[in-house]
Amino acid sequence: MKLFTSVDRTITVDDEIGFQLHVKVELTPEEKLLIQRYHAERWMLLARDSLIYTPYAANTDITIHALVRGTTFTVGTISEILAYEQRVKEAFADLEDVVDLIRKFGKPASNEDAGA
């Protein structure tokens, strides 16, 4: 699994400078299959009311589907880009945890899993 991000500068209709953060996650065939098997595409990784660490409006829902298909966030300042980037990284870390957990479904418990 890989996370790809890029930032573009934009000019609004009012000649204001803005920014777009493009994000996309590339899954391996095994990871795609696991997500499809458990119908996890619409699972929420970060919800709108999640605590964020900045005063900016990087407060948006992020689902597995949104990361895998690719999403673009349009904002007005560099600080907002940084806030969105932080949330995307958090969502990506959660996605890695979800896939790791799904991999364990159906596998017999080992001594390592039991803490022995």
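Keep in mind that what you see is a predicted model, and the values were worked out from it rather than measured. Just the heavy atoms: all of them, side chains too, but no hydrogens, waters or symmetry mates, feed the values below.
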Worksheet entry | CD1-CZ distance between I102 and R37, expressed to the nearest 0.5 angstrom | 9.5 Å
Practice prompt. Enter the distance from T5:OG1 to Y84:OH here, rounded to the nearest 0.5 Å.
Written response: 15.5 Å
Discussion item. Would you say that L67 contacts L45 through its side chain, given a criterion of any heavy-atom pair below 4.5 Å between the two side chains?
Written reply: yes
Worksheet item: Going only through I, L, V, M, F, W and Y residues with side-chain contacts under 4.5 Å, is there a path from F105 to L34?
Response: yes
Discussion item. As an exercise, state the distance from CG of L27 to CG of L95, rounded to the nearest 0.5 Å.
Written reply: 6.5 Å
Worksheet item: Is there side-chain contact between F92 and M1, with at least one heavy-atom pair below 4.5 Å?
Response: yes
Item to complete: With rounding to the nearest 0.5 Å, note down the distance linking CE in M44 to NE2 in H65.
Response: 12.0 Å
Worksheet, complete the sentence: All heavy atoms of V68 vs all of K24, minimum pair found to be O-NZ, 2.9 Å
Practice prompt. Give the minimum heavy-atom separation between L3 and K89, together with the two atoms involved.
Written response: CD2-CG, 4.5 Å
Item to complete: Check whether any side-chain N or O of Q86 sits under 3.5 Å from a backbone N or O of A83 as a donor-acceptor pair, and report yes or no.
Response: no
Worksheet item: If you look only at pairs with a residue in residues 9-34, which of them pass as a ring-ring contact (aromatic ring centres under 6.0 Å, His included), with sequence neighbours excluded?
Response: none
Fill in: Closest non-hydrogen atom pair, R87 against L46
O-CD1, 3.0 Å
Worksheet item: Where do I81 and Q20 come nearest, in terms of heavy atoms and distance?
Response: CD1-C, 4.1 Å
Fill in: Shortest non-hydrogen contact from A66 toward T71
O-OG1, 2.8 Å
Worksheet item: Side-chain contact, heavy-atom cut-off 4.5 Å: I17 with T10?
Response: no
Discussion item. Any non-hydrogen side-chain atom of W43 less than 4.5 Å from a side-chain atom of V98?
Written reply: yes
Item to complete: Specify the closest pair of heavy atoms between E41 and I35, including all atoms of both residues, with the distance to one decimal.
Response: N-CG2, 3.8 Å
Worksheet entry | Under 3.5 Å: donor-acceptor pair, side chain of E80, backbone of G76 | yes
